[in-house]
Novice: 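I have a structure here, written as structure tokens, and I will follow up with some questions on it.
On a predicted model such as this, the values are computed, not experimentally measured, just so you know.
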Amino acid sequence: MRREIVLKIQRQERPGAPAAWQEFRLPYRPRLNLIACLQEIARRPVDAAGRAVTPIAYESACLEEVCGSCSMRVNGVPMQACSTLVDNLPDGTITLEPLSKFPLVRDLIVDRTPMFEGLKRVRGWIPIEGTYDLGPAPRRAPAEQGEAYDYSRCMTCGCCMEACPNFSGHAPERFVGPAPLGQAYYFLLNPTGRMEEGERLEALMGRGGITACGNAQNCAAVCPKEIPLTDAIARLNRQVNRRWLARLFGG
Amino acid sequence: MSAQPRFLVVGGGLAGLMATIKIAERGHPVALFSVVPVKRSHSACAQGGINAAVNIKGENDSPEIHCYDTVKGGDFLAHQPPVRSMTLEAPKIIYLLDRMGVPFSRTGEGDLDFRRFGGTLYHRTAFAGASTGQQLLYALDEQVRRYEVEGLVQKYEGWEFLGPILAAPGGPCCGIVALDLRAMKIEAFPADAVILATGGLGVVYGRSTNSVICTGSAAAAAYLEGARFGNAEMVQIHPTAIPGEDKMRLMSESARGEGGRVWVPRKKGDTRDPKEIPEAERWYFLEEKYPKFGNLVPRDIGSREIYHVCVDLGLGVGGENQVYLDLTHKSREFLDRRLGSILEIYEQFVGDDPRTVPMRIFPAIHYSMGGLWVDYEKTPDGYYDPASPRNHMTNLPGLYAAGECEYQYHGANRLGANALLSCIYAGLVSGPAATIYAAQGTAQRAAEQPSSLFDDAARRWRDRFERLRRMQGRENARTLHRELGDLMIDNVTIVRTNANLDRTDDTISGFMERWKEIGVTDTGDWSNQELPFVNQLDNMLQLARLITRSARLRDESRGAHYKPEFPARDDANWLKSTIATHTPRGPEFSFEEIDTSLLKPVARKYD
Ligand SMILES: Cc1cc2nc3c(=O)[nH]c(=O)nc-3n(C[C@H](O)[C@H](O)[C@H](O)COP(=O)(O)OP(=O)(O)OC[C@H]3O[C@@H](n4cnc5c(N)ncnc54)[C@H](O)[C@@H]3O)c2cc1C
Ligand code: FES
């Protein structure tokens with residue numbers, strides 16, 4: 001049983017500055033999550049040796065695992081800090097580090113712009129005609145809605161991107177990454193999205209597209225929302241191949 | 001001099017994104033500012049759903065009944081033409097969102113499904129599982145991304161709005177000053193119209209159901225520059241939240257909409273496992289007191305009853321401030337399909353499985369009905385005049401407000417699932433209104449201003465941040481914030497007394513003094529999160545004062561505002577909005593008549 005919480009946090013003041021570890025000790029209380037711990041440090045920014053330090057820079061917003069802000073590596077594994085309870089971590093020191101696949105900003109903050117750029121590449125939207133009144137959308141079978149719903153919960157947190165051996169936010173042109181691919185599949189599940197199937201599949205071909213996926217399957221394993229990313233990628237792959245063959249032979 | 005009018009939208013929740021889309025759709029470039037990537041806005045937290053009288057369940061529901069429920073739910077403090085315009089538009093909004101690809105839950109036939117929510121007898125709430133806000137936010141975010149790719153929208157994510165730029169006191173508004181939260185640079189941005197869509201203010205209360213970014217600081221900054229603030233005292237307490245050290249996590253009203261029952265053991269201090277307590281020894285107090293609406297009474301009533309049972313009667317579970325919210329009589333399959341994400345939240349943060357163990361919940365700060373005062377112009381038949389630039393404009397010309405940061409649609413209490421609707425609707429109205437305003441020969445206003453106006457504004461803010469950086473007192477800003485939150489929760493929530501409100505106001509004055517004694521620990525010039533927070537805290541203190549003083553003035557009970565000394569609604573004296581205007585001596589108050597031209601105020605009964 002824990003009596004106190006020991007956190008070892010990687011600090012880095014800015015890009016290019018040296019990184020260093022700092023340790024913090026907090027009194028144990030049940031049901032505390034990691035953001036609550038960081039908040040407590042901000043109220044009294046003093047490290048385990050009693051030295052005054054600057055508060056730790058980190059991102060958070062919803063505190064209920066729906067906004068995707070607070071991703072970091074906890075004991076080496078990418079996850080959401082807000083929904084990670086100290087009680088569910090093994091006894092002993094807890095290490096917090098920023099995601100490594102994205103450019104570092106400060107302490108636990110990284111720049112996840114490459115993911116949002118990926119969403120642009122895969123045409124992550126439904127091409128509606130306009131916001132004026134055009135009546136109801138097509139009916140959708142509950143089963144199709146159910147499948148779409150699983151993918152619609154992707155909060156662009158970046159855990160899958162961190163776990164993927166082929167993605168790097170430092171060289172995003174090499175592979176667009178699992179999260180945008182999951183979204184590409186999501187838009188193909190929509191009846192209006194499907195109308196542009198051709199363009200959508202084309203967007204996944206070429207450099208850094210779906211063929212750069214090495215099928216390591218790490219992405220689905222770390223997704224906090226348990227999104228079946230590997231299923232999406234496998235299905236997309238088949239569709240892209242079919243299109244490629246059709247282009248080759250269909251003329 | 002640019003020929004194109006320049007539009008700035010501050011805030012990328014539902015309201016800000018919708019306003020952005022409407023302006024871009026008209027071919028105008030828009031700059032969109034947000035402290036977080038817009039996809040991480042607080043709107044993502046909304047769980048339960050969005051209201052529209054689509055009438056798909058054969059209940060003869062209609063926008064007029066929706067309007068009536070909303071006005072009555074707000075205890076007749078909302079202006080009626082805006083509400084009626086909103087409820088008329090609601091079904092079209094649902095269809096639009098459906099066309100944008102929101103994965104709304106479906107009936108077996110593939111139609112949109114609707115569930116019941118509080119304060120109505122109709123199935124009127126469309127939903128996407130139990131993460132509706134997230135799905136709506138993403139759908140609008142995607143449409144904005146499309147305009148971004150087309151080059152019409154430029155995003156400034158990670159920029160914080162600090163204040164409006166006014167050509168003269170009282171307006172017009174010619175732009176904003178904003179802070180780049182990474183490089184810590186402060187810049188002025190000229191504009192012909194600015195829309196504030198900066199969300200709620202729950203964080204003034206420390207812990208609430210809101211995201212930690214919902215400080216209300218942006219609205220307060222507009223108020224300090226002369227924008228009026230309406231009905232600050234009307235803060236909604238949600239009856240069912242999961243108490244936590246860092247946050248009060250919401251347990252959505254949909255849990256009751258899908259059959260959840262609220263109860264406590266009849267015997268004080270009953271320590272038995274809830275499952276061993278027989279039906280006859282459970283007190284389903286809401287069902288007993290409100291046979292018609294039962295567990296789905298409006299939020300103010302639900303919160304008051306739970307408070308009464310726990311605090312006055314001492315019947316809280318285990319002697320603590322908590323009651324059971326019980327779903328264990330429903331099948332696991334049903335619960336997973338309809339309420340999956342919110343039950344996961346409970347399981348994740350509390351550790352119990354709500355499918356087999358009744359949840360323990362207590363009321364928490366949730367939503368601000370009050371906010372920046374905004375105008376409207378109506379047609380003779382009682383709807384918004386779509387040609388008017390005044391709709392959603394604050395009293396500062398060219399400065400608009402939309403979404404939870406304004407006061408327009410919910411009066412003294414908001415009905416569940418009406419906020420997502422009002423935020424999207426406010427975006428739909430304010431965007432076009434801003435373009436009409438900018439086209440009225442006023443388009444060159446920002447360009448015609450001397451550049452010194454913008455330089456001076458930016459310099460004032462740079463100086464202020466320089467002063468903040470040099471603060472070397474003994475107070476810690478985060479600790480002071482926690483104390484402010486506790487003070488507000490203890491005194492300005494469910495039950496309010498004038499003596500307590502006076503004391504609270506004095507304490508806030510003390511806190512304002514203590515704010516000056518803050519010591520800043522981080523003086524860095526890169527991603528410094530402390531300096532903006534110190535600035536926000538100053539604004540939160542202003543809001544705390546506004547809420548407390550507005551509550552002190554209103555000697556009646558209406559909606560979320562309950563004073564045992566004045567237990568009844570008093571239409572003769574108080575059927576009016578509380579309007580605060582900033583002066584160097586503090587807020588000055590005036591009162592505004594309510595437009596009740598459509599529905600005559602009647603007693604608000606739910607039994
Ligand atoms: C837990 C929870 C559940 C809810 N469930 C429901 C529900 O089921 N149905 C319903 O109808 N309503 C619900 N609500 C209410 C509803 O979610 C909110 O009222 C609504 O989402 C507010 O939207 P908004 O666009 O006004 O603001 P927000 O979504 O809060 O967005 C505000 C935006 O402003 C930006 N911003 C703020 N300050 C600044 C600044 N100074 N500078 C730059 N940018 C700034 C933020 O970055 C953000 O982009 C719920 C609320 C909570 C807390
Ligand atoms: S803070 Fe939103 S996911 Fe953790």
Novice: So which of B:Glu530, B:Glu109, B:His481 has the biggest tally of heavy-atom pairs under 4.5 Å with chain A?
Specialist: B:Glu109

Novice: Would you be so kind as to tabulate the donor-acceptor pairs closer than 3.5 Å made by side chains of residues 89-99 of chain B, with sequence neighbours excluded?
Specialist:
from    : atom 1 : to       : atom 2 : distance (Å)
B:Asp98 : OD1    : B:Arg106 : NH2    : 2.8
B:Arg99 : NH1    : A:Tyr132 : O      : 3.2
B:Arg99 : NH2    : A:Gly130 : O      : 2.8

Novice: State whether the side chain of B:Glu245 and the backbone N or O of A:Arg29 hold a donor-acceptor pair below 3.5 Å, judged by distance alone.
Specialist: no

Novice: At what distance, to the nearest 0.5 angstrom, does CD of A:Glu65 lie from CD1 of B:Ile345?
Specialist: 8.0 Å

Novice: Let me see the working for B:Lys247 and A:Ile35 under side chain to side chain contact (heavy atoms under 4.5 Å, CB included), right down to the final yes or no.
Specialist: CA-CA 10 Å; B:Lys247 168 167 193 184; A:Ile35 295 291; over 6 Å; no

Novice: For the residue pair B:Pro103 and A:Tyr186, establish whether any side-chain heavy-atom pair is separated by less than 4.5 Å.
Specialist: yes

Novice: At what distance, to the nearest 0.5 angstrom, does CZ of B:Arg482 lie from CZ of A:Arg43?
Specialist: 3.5 Å

Novice: Taking CD in A:Glu13 as the centre, count heavy atoms belonging to other residues, nucleotides or ligands within less than 6.0 Å. Is the count above 12?
Specialist: no

Novice: How many angstroms lie between CG in B:Asp246 and SG in A:Cys37, if you round to the nearest 0.5 Å?
Specialist: 9.5 Å

Novice: Taking side chain as everything from C-beta outward and backbone as N, CA, C, O, which of these in B:Phe104 sits under 4.5 Å from a heavy atom of chain A? Side chain, backbone, both or neither.
Specialist: backbone

Novice: Please flag which part of A:Leu134 lies under 4.5 Å from any non-hydrogen atom of chain B: side chain, backbone, both or neither.
Specialist: both

Novice: At their closest point, which heavy atom of A:Arg139 faces which heavy atom of B:Asp111, and how far apart are they?
Specialist: NE-OD1, 3.1 Å

Novice: Under a 4.5 Å heavy-atom cut-off, does chain A meet the side chain of B:Tyr138, its backbone, both or neither?
Specialist: side chain

Novice: Write down the atom of B:Arg40, the atom of A:Ser69, and the distance for their closest heavy-atom approach.
Specialist: CD-OG, 3.2 Å

Novice: Side chains of A:Trp125 and B:Val149, heavy atoms from C-beta outward: is any pair under 4.5 Å?
Specialist: yes

Novice: Just verifying a value: how many Å separate A:Ile41 CD1 and B:Arg478 CZ, rounded to the nearest 0.5 Å?
Specialist: 12.5 Å

Novice: Heavy-atom distance under 4.5 Å to chain A: side chain of B:Gln348, backbone, both or neither?
Specialist: both

Novice: Measure A:Glu144 against the heavy atoms of chain B and call it side chain, backbone, both or neither at under 4.5 Å.
Specialist: neither

Novice: Could you check which of A:Pro191, A:Pro30, A:Ala52, A:Gly124 has the highest count of heavy-atom pairs closer than 4.5 Å to chain B?
Specialist: A:Gly124

Novice: Is A:Leu32 in contact with chain B via its backbone, its side chain, both, or neither, using a 4.5 Å heavy-atom distance?
Specialist: side chain

Novice: Using non-hydrogen atoms only, which part of A:Phe116 is less than 4.5 Å away from chain B: side chain, backbone, both, or neither?
Specialist: both

Novice: Which residue out of B:Thr107, B:Asn476, B:Asp141, B:Leu137 racks up the most heavy-atom pairs below 4.5 Å with chain A?
Specialist: B:Asn476

Novice: Under 4.5 Å from any heavy atom of chain B, what part of A:Glu64 do you find: side chain, backbone, both or neither?
Specialist: both

Novice: Measuring heavy-atom distances to chain B, does A:Arg153 have an atom under 4.5 Å in its side chain, in its backbone, in both, or in neither?
Specialist: both

Novice: Check whether any side-chain heavy atom of A:Arg112 sits under 4.5 Å from a side-chain heavy atom of B:Pro37, and report yes or no.
Specialist: no

Novice: Please check if any side-chain donor atom of B:Ser105 sits under 3.5 Å from a side-chain acceptor atom of A:Tyr149, or the reverse.
Specialist: no

Novice: When you look at CD of A:Glu129, are more than 12 heavy atoms from neighbouring residues, nucleotides or ligands closer to it than 6.0 Å?
Specialist: no

Novice: May I ask you to check whether over 12 heavy atoms, not counting those of B:Gln472, lie within 6.0 Å of atom CD?
Specialist: no

Novice: Is it the side chain or the backbone of A:Leu85 that comes within 4.5 Å of chain B heavy atoms, both, or neither?
Specialist: side chain

Novice: Please classify the contact of B:Glu475 with chain A as side chain, backbone, both or neither, using a heavy-atom distance under 4.5 Å.
Specialist: neither

Novice: Does any part of the side chain of A:Val66, heavy atoms only, come nearer than 4.5 Å to the side chain of B:Gln47, both counted from C-beta?
Specialist: no

Novice: Do you know which of B:His42, B:Glu157, B:Lys39, B:Arg337 has the most heavy-atom pairs under 4.5 Å to chain A?
Specialist: B:Lys39

Novice: Examine whether an atom of A:Pro142 lies under 4.5 Å from a heavy atom of chain B, and if so say whether it belongs to the side chain, the backbone or both; otherwise answer neither.
Specialist: both

Novice: Which atom names give the shortest non-hydrogen contact between A:Ala61 and B:Ile213, and what distance separates them?
Specialist: CB-CD1, 4.3 Å

Novice: Quick check on the interface: out of A:Thr156, A:Asn190, A:Thr192, who has the most heavy-atom pairs with chain B under 4.5 Å?
Specialist: A:Thr156

Novice: Answer with side chain, backbone, both or neither: which region of B:Arg249 has an atom nearer than 4.5 Å to a non-hydrogen atom of chain A?
Specialist: both

Novice: Within the structure provided, determine whether A:Gln39 and B:Val212 are in side-chain contact (heavy-atom separation under 4.5 Å).
Specialist: yes

Novice: Find the one option among A:Cys82, A:Gly193, A:Gly146 whose heavy-atom pairs under 4.5 Å with chain B are most numerous.
Specialist: A:Cys82

Novice: What distance separates A:Ile56 CD1 from B:Gln529 CD, expressed to the nearest 0.5 Å?
Specialist: 10.5 Å

Novice: Under a 4.5 Å cutoff for heavy-atom pairs, which residue among A:Ala143, A:Ala36, A:Ser83, A:Ala141 has the most contacts with chain B?
Specialist: A:Ser83

Novice: Determine yes or no for a side-chain-to-main-chain donor-acceptor pair under 3.5 angstrom, with B:Glu25 supplying the side chain and A:Thr131 the backbone.
Specialist: yes

Novice: Just wondering, do A:Ile128 and B:Arg146 contact through their side chains at under 4.5 Å, heavy atoms?
Specialist: yes

Novice: Looking at chain A, which one of B:Cys214, B:Ser341, B:Gly244, B:Gly133 has the largest number of heavy-atom pairs inside 4.5 Å, strictly under?
Specialist: B:Ser341

Novice: Residue by residue, which of residues 519-527 of chain B have a heavy atom closer than 4.5 Å to a heavy atom belonging to chain A?
Specialist: B:Thr521, B:Asp522, B:Asp525, B:Trp526, B:Ser527

Novice: Under a 4.5 Å heavy-atom cut-off, does chain B meet the side chain of A:Pro138, its backbone, both or neither?
Specialist: backbone

Novice: Does CD belonging to A:Glu226 count more than 12 external heavy atoms closer than 6.0 Å?
Specialist: no

Novice: Please rank A:Val53, A:Thr84, A:Asp111 by heavy-atom pairs under 4.5 Å with chain B and give me the top one.
Specialist: A:Asp111

Novice: Atom CD in B:Glu142, atom NZ in A:Lys120: separation rounded to 0.5 Å?
Specialist: 14.0 Å

Novice: Side chain, backbone, both or neither: which part of A:Leu38 has a heavy atom under 4.5 Å from chain B?
Specialist: neither

Novice: I need the residue from B:Ala477, B:Gly158, B:Gly110, B:Ser131 with the largest number of non-hydrogen atom pairs under 4.5 Å to chain A.
Specialist: B:Gly110

Novice: Out of A:Ser152, A:Cys154, A:Ala148, A:Gly68, which one racks up the most heavy-atom pairs below 4.5 Å with chain B?
Specialist: A:Ser152

